[in-house]
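Down below is the structure, laid out as structure tokens.
Lettering of chains follows the sequences in order, A, B, ..., and the numbering in each one begins at 1.
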There are 2 protein chains.
Amino acid sequence: MARTKEFNEDQALDKAIEIFWHKGYNGTSAQDLVNHLGLSRSSLYDTFGDKQKLFVKSLQRYQQQNQDSLKELLENAENIKIALTEIFKQAVVESLQDRITKGCFMVNSSVELAMHDPEIAKIVHNNQKTVEDIFCLSIKKGQELGQISDKQEARSLARFIFNNYSGIRVLARAGERDKQVYDDILKAIFSLF
Amino acid sequence: MARTKEFNEDQALDKAIEIFWHKGYNGTSAQDLVNHLGLSRSSLYDTFGDKQKLFVKSLQRYQQQNQDSLKELLENAENIKIALTEIFKQAVVESLQDRITKGCFMVNSSVELAMHDPEIAKIVHNNQKTVEDIFCLSIKKGQELGQISDKQEARSLARFIFNNYSGIRVLARAGERDKQVYDDILKAIFSLF
DNA sequence: TAAAAAACGGAACAATCGTTCCTGAATTAG
DNA sequence: CTAATTCAGGAACGATTGTTCCGTTTTTTA
């Protein structure tokens, strides 16, 4: 009876992620969304409700994507320590090649919105806990395998890793383009493992 | 001949820092500024030009205040390593007692604006360089005094410290209130020194 | 073919945005 | 006292904000 949906909702969400990530929530106007998603105003509002709902969906999708790839990367790793360094090196590569420096969508949203929007705060906290747990489990495994020093508790190391990941993403968002700066930080971080 | 200025410009700037810090640039309206600074719309615009100029002046003042106190703290320290841990412990205390979690005004501004406002980007980069240098000099001194391990280069450690400071401020901004989380991070950081 | 739904384009909404301008009162120094 | 300047208050500016609504076209399936 009815016409079938033409655009893929997830593809639209990926577009939304891009522009929210780049410009932030307050910096992105409804017109920006229309232009970037390639949808009409009406379709956009019919499909996603309003700007805030669209943002929340975008952030949740981003979170899921990142957690999945992180999990996969660490679970399939032969050497946990090497895998962790690879994750950071990858973040550095992205930061350097990013012509429009976007940083991390989750970090950006934390800073901009967590404080004023309880729904965003919930997502941020959930992300923090989940990522921390992923790190912690892997580090424990690495310690059992003798790949990572067990001088420090796994939980402490996981939180430490998470903290430095945030820091690096802020650095990238601030526009740092000197590879040496990142390399210095990475050197210090992984001298601990 | 003329009436003298009644309000102190620096006091007004301190008020501006407060609200910009709390709400961000885009989140702070002209009306917010009028209410919080206690100035009339006209006085505000006569004195500071426009919103962007006021923001820049606020951020510059914040930067100066922080760099001064950081410099003083480290220069007067007997033991550099202890002084560094004190700086971080202080940041944790502030993060925990901050009922409205503000994080760090400089970090917040980096994330929100550095990418879209070249003037802010300049301030952010200048701050990064300056703070890094302050850390680096002190760490060198600490290494010469045998208070800090010289296994790592001072420059690398300075950048590492800066990175973790950013991370912690993001964590605070995101609303983290569990002291154990901060303590775990600090423990890991300073096991390196 | 007819009904149902999807999508578009665009007009229109009230609200808020940053900013400018004007008036009038307050205060100062000559 | 007078001229100059600083404030407050508020009206008003055009622009932009997020959002709603309507009319039309397109596509689908029963």
Spacing of [X] atom [atom1] relative to [N] atom [atom2], expressed in whole Å:
X	N	atom1	atom2	value
A:Lys51	C:dT16	NZ	C1'	13 Å
B:Lys23	C:dT16	NZ	P	13 Å
B:Gln31	C:dC17	CD	C1'	11 Å
A:Leu37	C:dA6	CG	P	18 Å
B:Tyr25	C:dC17	OH	C1'	11 Å
B:Tyr45	D:dC13	OH	P	17 Å
B:Leu39	D:dG10	CG	P	16 Å
B:Leu54	C:dC17	CG	P	16 Å

Side-chain touch B:Val107/B:Tyr165, heavy atoms, less than 4.5 angstrom: no

Hphob cluster co-occupancy, B:Val170 + A:Val124, side-chain heavy atoms under 4.5 angstrom: no

Linked, directly or transitively: B:Ile139 and A:Val181 (ILVMFWY side chains, under 4.5 Å): yes

Residue B:Ser29, side-chain atoms from C-beta onward, closest of C:dC17, D:dG18, C:dA7: C:dC17

Sugar-phosphate only, base, or nothing, as touched by B:Asp50 at under 4.0 Å among non-hydrogen atoms: sugar-phosphate

Touch class at under 4.0 angstrom, heavy-atom based, for B:Thr47 against every strand present: nothing

Under 3.5 Å side-chain donor-acceptor pair for B:Ser29 and B:Asp32: yes

B:Asn163 and B:Ser166 side chains, donor-acceptor separation under 3.5 Å: no

Distance-only donor-acceptor test (3.5 Å): side chain A:Ser42, base C:dG9: yes

Contact under 4.0 Å: B:Ser43 side-chain N or O vs D:dA8 OP1/OP2: yes

B:Gly49 vs A:Leu44, nearer the 5' end of DNA chain C by closest nucleotide: A:Leu44

Check against salt bridge (charged side-chain N to carboxylate O under 4.0 Å, His left out), B:Lys179 and B:Asp184: CA-CA 9 Å; B:Lys179 189 169 186 302; B:Asp184 276 353; over 6 Å; no

Strand DNA chain C as a dot-bracket string - pairs counted if Watson-Crick or G-U with both distances under 3.5 Å, | where the partner lies in another strand: ||||||||||||.||||.||||||||||||

Check: A:Lys51 side chain, A:Thr28 main-chain N or O, donor-acceptor pair, under 3.5 Å: yes

